[in-house]
Amino acid sequence: MTDSYELLPDRYNATDVEERWQQIWERERAFLGATISRDGHDTVRSERPKSYVLEMLPYPSGEIHMGHVKNYTMGDVIAHHRRRCGAAVFHPMGYDAFGLPAENAAIRSGEHPSVVTQRNIARIRVQLQRLGFAIDWDTEISTADPEYYRWTQWIFVKMFERGLVERREAAVNWCPVDQTVLANEQVLDGRCERCGTDVELRQLTQWFLRITDYAQDLLDDMALLEDWPERVLAMQRNWIGRSEGARVMFSTEDGDHEIPVFTTRPDTLFGATFFLLAPEHPLLGTLVEGRPESSAVMSYARAAARASLAERSATDKPKSGVFTGRYVINPINGAQIPVWVADYVLMDYGTGAIMAVPGHDERDFAFAQQHGLPVRRVVAGPEDAADTPLVEAAYVGPGRMVNSEFLNGLEIAEAKGAAATWLSEHGIGEATVGYRLRDWLISRQRYWGVPIPIVHCPNCGPVAVPDTQLPVLLPEVDDYAPKGQSPLATNAEFLAVSCPSCGADARRETDTMDTFVDSSWYYLRYTAPHLSSAPFERELADYWLPVDQYIGGVEHAVLHLLYARFFTKVLHDLGLVGFREPFARLFTQGMIYRDGAKMSKSKGNVVSPDEIVGQYGADTLRLYVLFMGPAADDIEWSDRGVVGARRFLDRLWSLTRAVGPGPLAPRPSAAALVGSPVSLELARRAEATIAKVSSDIGERFSFHTAIAAVQELVNACVRHQAENGSAEAHGPDVLRYAIQTAVSVLFPFAPHVTCELWESLGGERLWEVAWPTADAELLVRDQVTLVVQVNGKVRDRFEAAAGLEDDAVLALVRDRPKVIAALEGKEVIRDVVVPDRLVNFVVK
RNA sequence: GCCGGAGUGGCGGAACGGUAGACGCAAGGGACUUAAACUCCCUGGUCCUUCGGGGCGUGUGGGUUCGAUUCCCACCUCCGGCACCA
């Protein structure tokens with residue numbers, strides 16, 4: 001029968017091998033056919049445990065880069081491993097196809113954005129296929145497909161109906177280069193996340209999703225996230241920025257207006273010596289109308305409005321402000337305090353107004369110094385008297401209340417509670433919680449995005465487009481260059497519509513949605529990629545979701561990952577899904593650097609995956625990107641390292657060729673190897689490798705150590721072969737078994753070449769072969785290396801039988817010449833024996 | 001300032017209280033070759049050495065422990081997030 005197994009070619013030709021297996025996988029539909037919702041078809045769910053393995057979908061900006069390769073290889077390794085462990089694996093792929101880069105490229109080349117996008121998608125698909133990823137291509141989706149964005153619009157409408165969509169005027173971030181507004185999450189250090197331009201603040205009417213309604217849920221449900229990196233959770237916590245405090249109502253001195261403030265220090269209410277309004281505060285104009293201060297105040301407010309975000313949020317500049325000539329009454333003691341306008345007070349946090357307590361707040365202290373306002377102490381630290389003046393700085397440390405009537409003597413924490421109680425009893429405030437998180441601004445004045453499905457009716461106001469009229473198709477326009485208003489507004493036919501509610505002549509909304517909306521629910525659509533009656537079906541969504549393992553870049557910590565969590569919560573509350581979190585486990589991979597910088601075209605330090613695949617093969621590239629170092633760390637690319645990965649595959653190839661064609665060798669039994677310690681050692685190594693690789697992939701995400709373990713096994717095989725020849729003279733063929741084991745567990749990393757080697761070794765369909773489990777009997781060692789320490793320093797080491805009693809070990813150890821020498825003239829006051837490991841003598 | 005993460009050979013890194021430096025890269029020596037590349041073998045933290053070994057070594061200083069890269073405390077440095085958020 002040996003004749004039916006073919007001898008491997010003497011050289012490993014990666015291109016031949018990879019093309020061959022990619023064709024076989026395609027022909028056999030090896031990785032297709034996960035259970036998904038299909039129109040009118042019953043779906044049968046697997047009896048096996050499910051596993052949804054997902055990597056963040058690529059943005060089709062041209063081609064994939066090394067970061068994608070690493071991301072998708074990790075997912076592929078996990079998917080392969082779980083599949084072979086018996087799970088029903090779902091591993092889909094799609095494209096985040098709307099967005100500015102495609103549109104900008106289109107503007108440059110004169111092509112339609114959809115043409116550019118289609119071409120990029122086709123290119124990326126080929127690249128992914130060449131890398132041999134085991135993706136369920138039957139479920140491939142594009143967020144720019146009308147059959148997809150129809151449901152993006154549908155979800156938007158559901159949110160609109162639920163009151164989670166709001167159109168309102170606000171000071172919003174405007175990018176003068178991209179000519180569109182941006183969400184808070186898309187502004188980094190006052191600059192546009194995409195193009196780096198300084199962001200301006202503009203007062204505009206825009207569409208918002210009320211993510212702030214879910215601020216507390218987003219915090220609380222972190223408890224449901226089993227295995228998210230601490231830093232991502234920390235970033236989200238920071239971003240949401242919960243702080244406990246109180247809402248307190250102040251009234252103007254004439255009693256005409258009430259102005260609420262939010263404070264985290266209600267305990268210091270007696271220390272409020274002035275009152276500040278944000279320049280955008282809606283009451284500001286009314287308060288100063290007809291007063292001599294009016295023109296100074298209003299021109300200050302206008303100047304603040306013109307400042308860029310960076311100028312406005314600089315913390316090091318002096319605290320500017322203008323007195324309004326008005327006063328408010330501090331409700332706790334009736335004190336009349338002056339009202340100023342100051343640009344360090346932000347309209348979109350709290351209420352846009354604050355009570356200033358210069359004695360115990362650094363910013364208020366600086367403002368008071370600047371403008372000669374009184375400072376009043378209401379907290380005394382351990383060293384302070386009630387009347388110790390505050391001249392240098394505000395006191396923000398612990399202490400007891402002073403100069404605060406009924407709060408005097410209380411600790412700060414007690415005083416906060418007492419003040420809140422007093423406020424609610426008197427109906428002028430209550431304990432409350434503030435969040436840093438802002439509502440999600442989703443409208444964009446750009447072409448290549450999902451049209452917001454709203455009709456503006458002169459009678460009914462904004463009306464949602466009914467389900468039956470979805471999708472609102474992205475219209476053709478002559479010019480999609482950004483002009484500060486949406487290019488959709490130039491299409492008269494698109495614009496004119498009758499109101500779905502009253503039939504009157506109306507006008508369509510012309511803004512498109514932020515592309516982060518598209519990617520906030522794509523992981524659900526994969527479960528029903530072709531379904532025409534609904535975005536997905538709850539039953540199957542509940543079956544596959546939450547995603548068991550999500551993998552992507554940490555740069556989405558407060559963007560995509562926060563938005564997707566928000567969407568899932570909304571869909572849950574709409575009764576559309578039965579879970580509250582989309583991604584149970586998250587792994588964030590590190591970036592790949594080169595020459596100390598992120599790879600980018602402008603720096604000219606890009607290594608193209610295609611080049612490496614062409615030169616060394618996809619398997620080498622896959623192996624190398626995971627061998628580089630811990631998957632979570634940022635790592636420097638090394639051209640030499642790639643060569644090392646290829647060398648390893650070459651060595652495995654020659655070794656496999658040397659033992660000749662199949663059939664597969666059975667796992668040897670420990671008993672059969674009793675007479676051959678060398679073979680027993682090799683068999684043991686094979687079992688140890690199985691155990692190591694299984695836990696490194698399955699539990700630790702430590703891919704580089706898994707690969708190193710296989711390398712050790714292969715090295716041992718090479719040595720064994722050099723010393724003992726390719727075939728066992730008698731007894732079980734342990735070398736063959738060890739090579740098979742290496743090939744089998746290396747499969748998730750380098751699937752093509754291992755399938756080829758496996759076939760030559762006499763096996764078939766390696767992707768379906770059950771993942772091996774280590775033989776416990778073989779793993780047990782009969783010989784161990786014992787280490788002898790004296791006062792914790794290693795003095796001797798030797799081989800001994802395993803499982804010896806402590807007394808027997810001590811007897812052996814005391815006879816060792818090195819030990820005798822090391823203990824010479826010393827008194828042993830204690831000995832510690834760790835079975836099968838070491839002996840430590842404590843001496844004087 | 002607050003919150004997270006990390007500091008180990010020439011380099012990427014390994015070791016989840018028990019042999020520090022697995023695996024790989026680069027380097028040096030050797031074999032093969034007319035030569036070179038490829039490949040294979042050997043060496044390799046550092047200092048001392050009578051070549052048997054010995055001292056010192058995981059950012060710094062303490063602590064816990066028979067024993068600490070690992071646990072605890074303080075500090076230093078680097079990376080990331082937040083930051084006029086009341």
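In what follows, every chain begins at residue 1, and chains take the letters A, B, ... in the order their sequences are listed.
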Roughly how many Å is it from [atom1] in [X] to [atom2] in [N], rounded to a whole number?
{"X": "Glu555(A)", "N": "G5(B)", "atom1": "CD", "atom2": "P", "answer": "20 Å"}
{"X": "Tyr349(A)", "N": "A83(B)", "atom1": "OH", "atom2": "P", "answer": "12 Å"}
{"X": "Gln589(A)", "N": "G5(B)", "atom1": "CD", "atom2": "C1'", "answer": "17 Å"}
{"X": "Arg436(A)", "N": "C82(B)", "atom1": "CZ", "atom2": "C1'", "answer": "6 Å"}
{"X": "Leu346(A)", "N": "C84(B)", "atom1": "CG", "atom2": "C1'", "answer": "7 Å"}
{"X": "His556(A)", "N": "G80(B)", "atom1": "NE2", "atom2": "P", "answer": "18 Å"}
{"X": "Met235(A)", "N": "G4(B)", "atom1": "CE", "atom2": "P", "answer": "12 Å"}
{"X": "Glu230(A)", "N": "G4(B)", "atom1": "CD", "atom2": "P", "answer": "7 Å"}

Quick check: do Tyr300(A) and Asp343(A) have side-chain heavy atoms less than 4.5 Å from each other?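 Tyr300(A) vs Asp343(A): side chains touch.
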Please report the distance separating the [atom1] of [N] from the corresponding atom of [M], rounded so that it comes out in whole Å.
{"N": "G67(B)", "M": "U60(B)", "atom1": "C1'", "value": "22 Å"}
{"N": "G45(B)", "M": "C71(B)", "atom1": "P", "value": "26 Å"}
{"N": "C25(B)", "M": "C42(B)", "atom1": "P", "value": "14 Å"}
{"N": "G7(B)", "M": "C56(B)", "atom1": "P", "value": "25 Å"}
{"N": "A15(B)", "M": "U8(B)", "atom1": "P", "value": "15 Å"}
{"N": "G13(B)", "M": "C51(B)", "atom1": "C1'", "value": "32 Å"}
{"N": "G24(B)", "M": "G30(B)", "atom1": "C1'", "value": "22 Å"}
{"N": "U69(B)", "M": "A31(B)", "atom1": "C1'", "value": "39 Å"}

Salt bridge check, [Y] against [X]: does any charged N sit closer than 4.0 Å to a carboxylate O?
{"X": "Glu280(A)", "Y": "Arg312(A)", "value": "yes"}
{"X": "Glu681(A)", "Y": "Arg684(A)", "value": "yes"}
{"X": "Arg265(A)", "Y": "Asp364(A)", "value": "no"}

As a test of the definition: with a 90° window around 0 for syn, would you call G52(B) syn or anti?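 Syn.
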Decide, for G7(B), between syn and anti: a glycosidic angle within 90° of 0 counts as syn, anything else as anti.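 Judged by the O4'-C1' to base torsion, G7(B) sits in anti, the angle falling more than 90° away from 0.
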RNA chain B contacts among [range], heavy-atom distance under 4.0 Å:
{"range": "residues 642-657 of chain A", "value": "Gly644(A), Arg647(A), Arg651(A)"}
{"range": "residues 241-248 of chain A", "value": "Ser243(A)"}
{"range": "residues 836-844 of chain A", "value": "Arg837(A), Leu838(A), Asn840(A), Val842(A)"}

Taking [Y]'s backbone N and O only, do any of them form a donor-acceptor pair with [X]'s side chain (distance below 3.5 Å, no angle check)?
{"X": "Arg646(A)", "Y": "Tyr616(A)", "result": "yes"}
{"X": "Tyr435(A)", "Y": "Asp213(A)", "result": "no"}
{"X": "His360(A)", "Y": "Tyr395(A)", "result": "yes"}
{"X": "Asp267(A)", "Y": "Ala419(A)", "result": "no"}

Side-chain H-bond candidate by donor/acceptor type, Arg651(A) with Asn715(A), under 3.5 Å: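 Arg651(A) vs Asn715(A): donor-acceptor pair found between side chains.
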Would you kindly say whether Glu185(A) and Trp440(A) are connected by a side-chain donor-acceptor distance under 3.5 Å?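 No - no donor-acceptor pair under 3.5 Å links their side chains.
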Which part of the nucleic acid, if any, lies within contact of [X], taking any heavy atom under 4.0 Å across all strands shown: a base, the sugar-phosphate backbone alone, or nothing?
{"X": "Gln789(A)", "value": "base"}
{"X": "Arg231(A)", "value": "sugar-phosphate"}
{"X": "Val554(A)", "value": "nothing"}
{"X": "Asn791(A)", "value": "nothing"}

Map Val187(A) and Val832(A) onto RNA chain B by nearest heavy atom, then report which one ends up closer to the 5' terminus.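 Nearer the 5' end of the strand: Val832(A).
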Inspect the surroundings of CZ in Arg191(A) and state if more than 12 heavy atoms from other residues, nucleotides or ligands are less than 6.0 Å away.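 Result for CZ/Arg191(A): open.
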Within a 6.0 Å radius of atom CD on Gln783(A), are there more than 12 heavy atoms belonging to other residues, nucleotides or ligands?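 More than 12 heavy atoms, drawn from other residues, nucleotides or ligands, come within 6.0 Å of this atom.
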Considering only residues two or more places apart or on different chains, which pairs with a residue in residues 259-280 of chain A satisfy ring pair (Phe, Tyr, Trp, His ring centres under 6.0 Å)?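 Matches after skipping sequence neighbours: Phe250(A)-Phe275(A), Phe270(A)-Phe406(A), Phe274(A)-Phe367(A).
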Between the protein and nucleotides 53-60 of chain B, are there any N/O to N/O pairs under 3.5 Å, and if so, what are the atom names and distances?
residue : atom : partner   : partner atom : Å
G55(B)  : OP1  : Arg795(A) : NH2          : 3.1
G55(B)  : OP2  : Arg795(A) : NH1          : 3.4
C56(B)  : OP2  : Lys793(A) : NZ           : 3.0

With sequence neighbours excluded, residues passing side chain to side chain contact (heavy atoms under 4.5 Å, CB included) with Gln615(A):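 Side chain to side chain contact (heavy atoms under 4.5 Å, CB included) check on Gln615(A) returns nothing, list empty.
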With sequence neighbours left out, write down each residue that passes side chain to side chain contact (heavy atoms under 4.5 Å, CB included) with Glu827(A), or none if nothing qualifies.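 Applying side chain to side chain contact (heavy atoms under 4.5 Å, CB included) to Glu827(A) gives Ile829(A), Lys844(A).
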Quick tally for nucleotides 10-17 of chain B: nucleotides whose base has a protein heavy atom under 4.0 Å get B, sugar-phosphate-only ones S, the rest -, giving --SSSSB-
Partners of Trp637(A) by ring pair (Phe, Tyr, Trp, His ring centres under 6.0 Å), sequence neighbours excluded?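 Partners of Trp637(A) under the ring pair (Phe, Tyr, Trp, His ring centres under 6.0 Å) test: Tyr624(A).
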What pairs with Phe703(A) under ring pair (Phe, Tyr, Trp, His ring centres under 6.0 Å), at least two apart in sequence or on another chain?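 Expected list: none.
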Which dot-bracket string describes RNA chain B (Watson-Crick N1-N3 plus N6-O4 or O6-N4, or G-U N1-O2 and O6-N3, all under 3.5 Å; [ ] crossing; | other strand)? (((((((..(((.....[....))).(((((.......))))).((((....))))..(((((..]....))))))))))))....
Residues that Thr212(A) engages under side chain to side chain donor-acceptor pair (under 3.5 Å), provided they are two or more places apart: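 Residues passing side chain to side chain donor-acceptor pair (under 3.5 Å) with Thr212(A): Asp439(A).
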Looking only at side-chain N and O atoms, does Arg830(A) come under 4.0 Å of OP1 or OP2 in C66(B)?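 Arg830(A) to C66(B) OP1/OP2: side-chain N or O found under 4.0 Å.
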